[in-house]
Amino acid sequence: MFGLFKKKSEKDKLYEKYQKLTQEAFNLSTSNRKLSDQKTAEAEEIMKQIEAL
């Protein structure tokens with residue numbers, strides 16, 4: 001209950017964005033391989049940012 005108004009850290013926000021992009025890449029992998037590869041590359045860039053923190 002006390003964590004209700006707690007703000008998310010930058011690392012948490014980036015990790016959520018990373019998960020969203022990897023899920024989108026997975027969903028696109030069956031229909032549009034080029035777009036899937038692009039989403040995967042974006043997710044890898046975000047992971048590099050997370051590791052830098």
Side-chain angles (χ1 to χ4, degrees):
M1 180 165 169
F2 293 108
L4 182 64
F5 298 108
K6 182 179 176 186
K7 291 185 179 183
K8 291 183 180 179
S9 69
E10 186 67 26
K11 191 172 187 178
D12 291 336
K13 289 178 186 177
L14 286 173
Y15 189 71
E16 284 183 11
K17 191 172 182 180
Y18 171 79
Q19 288 181 323
K20 181 181 173 220
L21 285 171
T22 53
Q23 183 64 39
E24 286 179 19
F26 177 75
N27 292 339
L28 288 169
S29 66
T30 58
S31 60
N32 189 342
R33 186 64 189 177
K34 186 177 181 180
L35 192 56
S36 173
D37 289 342
Q38 183 181 12
K39 294 287 183 181
T40 303
E42 289 177 28
E44 290 300 318
E45 288 297 319
I46 290 176
M47 183 52 80
K48 287 179 185 177
Q49 290 176 2
I50 291 170
E51 290 173 353
L53 293 176

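Side chains included, hydrogens not; waters and symmetry mates left out as well; all remaining heavy atoms used.
Asn27 meets the side chain to side chain donor-acceptor pair (under 3.5 Å) test with Gln23; sequence neighbours excluded.
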Would you list the atom pairs, donor with acceptor, under 3.5 Å between side chains in residues 12-20 and any protein atom, with sequence neighbours excluded?
residue, atom, partner, partner atom, Å
Asp12, OD2, Ser9, OG, 3.3
Tyr15, OH, Gln19, NE2, 3.4
Glu16, OE1, Lys8, NZ, 3.2
Glu16, OE2, Lys8, NZ, 2.6

Distance-only donor-acceptor pairs under 3.5 Å for side chains of residues 38-53, two or more places apart:
residue, atom, partner, partner atom, Å
Lys39, NZ, Glu24, OE1, 3.1
Thr40, OG1, Ser36, O, 2.9

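Under the 4.5 angstrom side-chain criterion for Ile, Leu, Val, Met, Phe, Trp and Tyr, the cluster partners of Leu28 are Leu35.
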